[in-house]
A.B. asks: 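Below is the structure I would like to discuss, written out as structure tokens.
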Amino acid sequence: MEKKILVTKSSMPSLEEYVDEIRDLWDSCWLTNEGAKLQKLEQSLGEYLEVPYVSCVSNGHMALELGLQAMRLEGEVITTPFTVASTTNAILRNGLQPVFCDIKPDDFTMDETMLESLITDRTCAILPVHVYGNVCNVTEIDRIAKKHGLKVIYDAAHAFGVRYLGKSIAQYGDAVMYSFHATKVYQAVEGGAVCYRHPETLHYLNALKIYGIQNPEEVVGVGANGKMNEFEAAMGLCNLRHIAQEIEKRKRIAQYYDEQLGNIPGLQINVRQAQTQGNYAYYPLVVHETECGFTRNELLDRLAAHQIFGRKYFYPLTSSFQCYHQAFQPERTPTALHISRRVLALPLYASLSMEDASRICTIIRSMCGLTAERGE
Ligand SMILES: *Cc1c(COP(=O)(O)O)cnc(C)c1O
């Protein structure tokens with residue numbers, strides 16, 4: 001029986017490093033609510049992400065949901081349906097209306113050329129996704145937002161550590177949200193963060209994440225419980241020390257995939273964007289069946305027969321979820337619809353061995369009638 005290879009695997013610090021980090025919690029017995037670990041993490045993240053205002057929360061979804069609430073928005077939010085349920089749900093759970101913009105076929109981010117046609121007098125914000133760690137056209141989105149007086153909140157759940165034009169992507173937008181879920185490039189078991197351009201919004205978020213409590217006698221917002229605890233913050237502190245090596249290891253595998261799977265008719269690999277330092281969060285592969293002769297699902301099935309499990313990431317589009325009762329029309333974002341029916345994510349994580357990556361490529365290449373491995 002071949003060993004199972006899943007699409008991702010969490011990177012862990014050594015047990016000793018983590019135990020060292022949590023040891024003093026047994027002295028303080030302070031486990032959550034603005035603890036010392038959390039404060040240290042927020043400060044370290046501010047330095048790493050090159051932003052002055054960072055607030056850590058319990059998970060990426062709460063970062064989005066409370067992060068939006070803290071911006072006091074009303075009306076329509078332009079976003080994309082090529083994302084996880086969390087992005088669209090965060091908009092709806094704030095009583096806001098999502099308006100879906102299509103994506104670009106090469107990097108799968110919001111097609112900014114369509115943005116202006118979707119702006120109405122009810123539009124209050126734009127919520128694009130740096131999907132797979134690919135950077136949205138931040139310059140153009142920023143220009144359009146300024147012109148129309150809109151806020152920009154980036155879903156950067158996939159993009160921890162990504163840099164564009166020499167700056168951390170946390171510096172682009174009014175707010176940037178990260179997820180530190182176990183499956184992300186940078187993990188704190190569960191966790192997330194919001195970076196804001198303005199300190200007032202950060203202060204409001206800090207109240208909202210403890211039910212809206214600003215001080216013992218004042219509740220200033222209808223908040224929730226969005227606190228990150230000290231054990232998660234400790235995991236975050238440990239993993240932040242290794243983030244550069246984490247990204248480097250992922251890069252090696254992604255580059256190998258590029259070499260082996262690039263320039264094959266019918267297989268579309270992820271673009272490597274110019275002036276961008278990527279984080280290699282995912283390895284999306286688009287299968288154009290009319291050119292290669294097999295479908296995305298057939299490729300996934302073939303891999304699964306070898307105990308290798310990719311994922312249909314993202315399928316279906318959020319705009320087609322049954323819980324929304326056909327309130328949205330997925331056909332209005334034809335590129336997103338086309339890609340979601342053909343895309344999959346291949347296994348990619350720091351501890352994936354070259355041997356396993358080679359096995360995966362050999363299976364895919366043989367489906368294309370190619371030899372096992374492309375030489376140097
Ligand atoms: C993971 C993810 C989220 C939600 O983050 P959680 O920490 O899992 O709650 C939101 N948006 C995108 C694009 C994600 O990948």
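Both backbone and side-chain heavy atoms feed into the values below; hydrogens, waters and symmetry mates do not.
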A.B. asks: Are any non-hydrogen side-chain atoms of Asn279 and Ile243 less than 4.5 angstrom apart?
C.D. replies: no
A.B. asks: Between Thr362 (side chain) and Ser358 (backbone), is there a donor-acceptor pair under 3.5 Å?
C.D. replies: yes
A.B. asks: Checking the side chain of Arg332 only, and the main-chain atoms of Asp102 only, is there a donor and an acceptor separated by less than 3.5 Å?
C.D. replies: no
A.B. asks: Considering residues, nucleotides and ligands other than Asn263, do more than 12 of their heavy atoms fall under 6.0 Å from its CG?
C.D. replies: no
A.B. asks: When you compare the side chains of Ser55 and Lys209, does any donor N or O come within less than 3.5 Å of an acceptor on the partner?
C.D. replies: yes
A.B. asks: Under 3.5 Å, is there a donor-acceptor pair between the Asn137 and Glu112 side chains?
C.D. replies: yes
A.B. asks: Taking CZ in Arg252 as the centre, count heavy atoms belonging to other residues, nucleotides or ligands within less than 6.0 Å. Is the count above 12?
C.D. replies: no
A.B. asks: With the side chain counted from C-beta on, respond yes when Leu127 and Thr87 share a heavy-atom pair under 4.5 Å apart, and no when they do not.
C.D. replies: yes
A.B. asks: Within the 3.5 Å criterion, strictly below it, is a donor on Tyr283 or Asp258 matched to an acceptor on the partner's side chain?
C.D. replies: yes
A.B. asks: Check Pro81 against Ser319 and note the closest heavy-atom contact, atom names and distance.
C.D. replies: CB-OG, 3.5 Å
A.B. asks: If you measure only the distance, is there a donor-acceptor pair under 3.5 Å linking the side chains of Gln187 and His181?
C.D. replies: no
A.B. asks: For Arg342 and His338, does a side-chain donor sit closer than 3.5 Å to a side-chain acceptor?
C.D. replies: yes
A.B. asks: Just verifying a value: how many Å separate Arg143 CZ and Glu116 CD, rounded to the nearest 0.5 Å?
C.D. replies: 6.0 Å
A.B. asks: Say you draw a straight line from CG of Asp155 to OG of Ser179; how long is it, rounded to the nearest 0.5 Å?
C.D. replies: 8.5 Å
A.B. asks: Provide the closest heavy-atom pair for Pro98 versus Ile91 in the form atom of the first, atom of the second, distance.
C.D. replies: N-CG2, 3.8 Å
A.B. asks: Tell me the ring pair (Phe, Tyr, Trp, His ring centres under 6.0 Å) pairs involving residues 346-375, sequence neighbours left out?
C.D. replies: none
A.B. asks: Output yes when Glu42 and Lys37 qualify as a salt bridge under the 4.0 Å nitrogen-oxygen rule, no when they do not.
C.D. replies: no
A.B. asks: Quick check: do Asp174 and Met71 have side-chain heavy atoms less than 4.5 Å from each other?
C.D. replies: yes
A.B. asks: Could you tell me whether the side chain of His288 and the main chain of Gly266 form a donor-acceptor pair under 3.5 Å?
C.D. replies: no
A.B. asks: Side-chain contact test, heavy atoms from C-beta onward, threshold under 4.5 Å: evaluate it for Glu17 versus Asp20 and give yes or no.
C.D. replies: no
A.B. asks: Would the Tyr196 and His203 ring centres measure less than 6.0 Å apart?
C.D. replies: no
A.B. asks: Is the shortest distance from a Lys or Arg side-chain nitrogen in Glu74 or Arg122 to a carboxylate oxygen in the other one below 4.0 Å?
C.D. replies: no
A.B. asks: Heavy-atom count check: over 12 atoms from other residues, nucleotides or ligands less than 6.0 Å from Arg197 CZ?
C.D. replies: yes
A.B. asks: Going by the rule ring-ring contact (aromatic ring centres under 6.0 Å, His included), which residues pair with Tyr280 if we only count those two or more places apart in sequence or in a different chain?
C.D. replies: none
A.B. asks: Using the side-chain contact (heavy atoms from CB on, under 4.5 Å) rule, take Gln97 and Val77 through it: C-alpha gap first, then chi angles, then the decisive distance, then the call.
C.D. replies: CA-CA 6 Å; Gln97 186 65 23; Val77 177; over 6 Å; no
A.B. asks: Assigning hydrophobic clusters by single linkage (Ile, Leu, Val, Met, Phe, Trp, Tyr; side-chain heavy-atom cutoff under 4.5 Å), is Leu25 placed with Leu41?
C.D. replies: no
A.B. asks: Is there a path from Ile5 to Leu261 through hydrophobic residues (I, L, V, M, F, W, Y) whose side chains come within less than 4.5 Å of each other?
C.D. replies: yes
A.B. asks: Donor-acceptor pair, Ser320 side chain versus Thr318 backbone, under 3.5 Å?
C.D. replies: no
A.B. asks: Checking Tyr178 now: which residues fulfil ring-ring contact (aromatic ring centres under 6.0 Å, His included) with it, not counting sequence neighbours?
C.D. replies: Phe160
A.B. asks: Can you tell me if Ser366 uses its side chain to pair, donor with acceptor, with the backbone of Gly369 under 3.5 Å?
C.D. replies: no
A.B. asks: Could you work out, with ring-ring contact (aromatic ring centres under 6.0 Å, His included) as the rule, every residue matching His130, not counting sequence neighbours?
C.D. replies: Tyr154
A.B. asks: How about Glu246 and Asn239: does a side-chain donor come under 3.5 Å of a side-chain acceptor?
C.D. replies: no
A.B. asks: Output yes when a side-chain donor or acceptor of Trp30 lies under 3.5 Å from a complementary backbone atom of Thr32, and no otherwise.
C.D. replies: yes
A.B. asks: Suppose we screen for side chain to side chain donor-acceptor pair (under 3.5 Å). Which residues come up paired with Ser58, at least two apart in sequence or across chains?
C.D. replies: none
A.B. asks: To the nearest 0.5 angstrom, please state how far the CE atom of Met354 sits from the SG atom of Cys361.
C.D. replies: 9.0 Å
A.B. asks: Side-chain contact, heavy-atom cut-off 4.5 Å: Val287 with Leu344?
C.D. replies: yes
A.B. asks: So, Lys167 and Glu50, do they make that salt bridge, N to O below 4.0 Å?
C.D. replies: no
A.B. asks: Are the side chains of Phe309 and Pro347 in contact, using a 4.5 Å heavy-atom criterion?
C.D. replies: no
A.B. asks: Once rounded to the nearest 0.5 Å, what's the spacing between atom CD1 of Ile126 and atom CD1 of Ile119?
C.D. replies: 5.5 Å
A.B. asks: Got Ser340 and Phe314 here, is their nearest side-chain heavy-atom distance under 4.5 Å?
C.D. replies: no
A.B. asks: Using 4.0 Å as the upper bound for N to carboxylate O, is an ion pair formed by Lys227 and Glu34?
C.D. replies: no
A.B. asks: The criterion is ring-ring contact (aromatic ring centres under 6.0 Å, His included); which residues satisfy it with Tyr324, sequence neighbours excluded?
C.D. replies: Phe321, Phe328
A.B. asks: Main chain of Arg341, side chain of Arg296: is a donor-acceptor contact present, judged purely on distance under 3.5 Å?
C.D. replies: yes
A.B. asks: Could you check whether Asn134 and Thr109, counting side-chain N and O atoms only, form a donor-acceptor pair closer than 3.5 Å?
C.D. replies: no
A.B. asks: Shortest non-hydrogen contact from Phe100 to Leu118?
C.D. replies: O-CD1, 3.8 Å
A.B. asks: So, do Phe180 and His61 have ring centers that fall under 6.0 Å from each other?
C.D. replies: no
A.B. asks: Answer yes or no: is there an ion pair linking Arg365 with Glu373, defined by an N-O contact shorter than 4.0 Å?
C.D. replies: no
A.B. asks: Do Asn94 and Leu73 come close enough that some side-chain heavy atom pair is under 4.5 Å?
C.D. replies: no
A.B. asks: Give a yes or no on whether a salt bridge exists between Arg359 and Glu355, defined as a side-chain N under 4.0 angstrom from a carboxylate O.
C.D. replies: no
A.B. asks: Do Glu248 side-chain atoms and Gln245 backbone N/O form a donor-acceptor pair below 3.5 Å?
C.D. replies: no
A.B. asks: If only atom types and distance count, is the side chain of Tyr172 paired as donor or acceptor with the main-chain N or O of Tyr164 below 3.5 Å?
C.D. replies: yes
A.B. asks: Using modelled atom types only, decide if a donor and an acceptor are shared between the side chain of Thr295 and the backbone of Glu298 within a distance under 3.5 Å.
C.D. replies: yes
